[in-house]
Amino acid sequence: MSNNDEDVLTLYVPLVLVVKNGKVIDGHEGTLESHDATERKMTNDEKEQLTKIYTKLMSESTSFTHFIFFVF
C-alpha cells in the first residue's frame, strides 16, 4: 500500500495478462493466496514463488503477442 497522487492510501494489485491475436489466453491476478498485502509485505520465499508464476506464464506462451501488466 502507498499513497496515490491525491495522497490517499491505496492498495495496488498486480494483474498480468498474456494476449495472443487480440485475446487474453492466460494471466495472474494479485500476489499469492498465502499473502495478504493489507497485513504484511511479501517474504522472500513468496517473491520467489510469484517470480516462478510469471516465468511460467512467459515460458509457456513463447508465441505470445503481448504481455500486459496492470496495477490497479
Side-chain angles (χ1 to χ4, degrees):
M1 293 181 71
S2 64
N3 289 0
N4 65 15
D5 292 339
E6 289 81 34
D7 203 32
V8 175
L9 188 60
T10 305
L11 173 65
Y12 294 94
V13 178
L15 173 62
V16 178
L17 300 174
V18 180
V19 179
K20 181 176 182 179
N21 297 326
K23 295 183 181 181
V24 175
I25 61 169
D26 207 347
H28 182 80
E29 181 180 355
T31 55
L32 300 171
E33 297 259 342
S34 63
H35 177 245
D36 184 344
T38 63
E39 294 181 2
R40 62 179 175 78
K41 292 184 177 184
M42 292 178 69
T43 65
N44 286 337
D45 183 54
E46 288 171 328
K47 289 177 186 178
E48 287 179 26
Q49 289 178 51
L50 189 56
T51 298
K52 287 179 183 178
I53 290 169
Y54 291 154
T55 301
K56 183 178 177 191
L57 281 175
M58 290 181 212
S59 67
E60 290 180 349
S61 306
T62 54
S63 60
F64 67 88
T65 303
H66 295 91
F67 277 96
I68 302 175
F69 295 85
F70 293 101
V71 178
F72 55 93

With sequence neighbours left out, the residues meeting side chain to side chain donor-acceptor pair (under 3.5 Å) with D7 are N3

Nearest heavy-atom contact between L32 and I53 is CD2-CD1, 3.6 Å

In terms of heavy-atom contacts, G30 and Y54 come closest through O-OH, 4.1 Å

So the salt bridge (charged side-chain N to carboxylate O under 4.0 Å, His left out) pairs with at least one residue in residues 30-45 (sequence neighbours excluded) are R40-E46

Rounded to the nearest 0.5 Å, the CG atom of L50 sits from the OG1 atom of T31 at a distance of 6.5 Å

d(H28 NE2, L17 CG) to nearest 0.5 Å is 11.5 Å

Those residues at least two apart in sequence (or on a different chain) that pass side chain to side chain contact (heavy atoms under 4.5 Å, CB included) with E6 are N4, V8

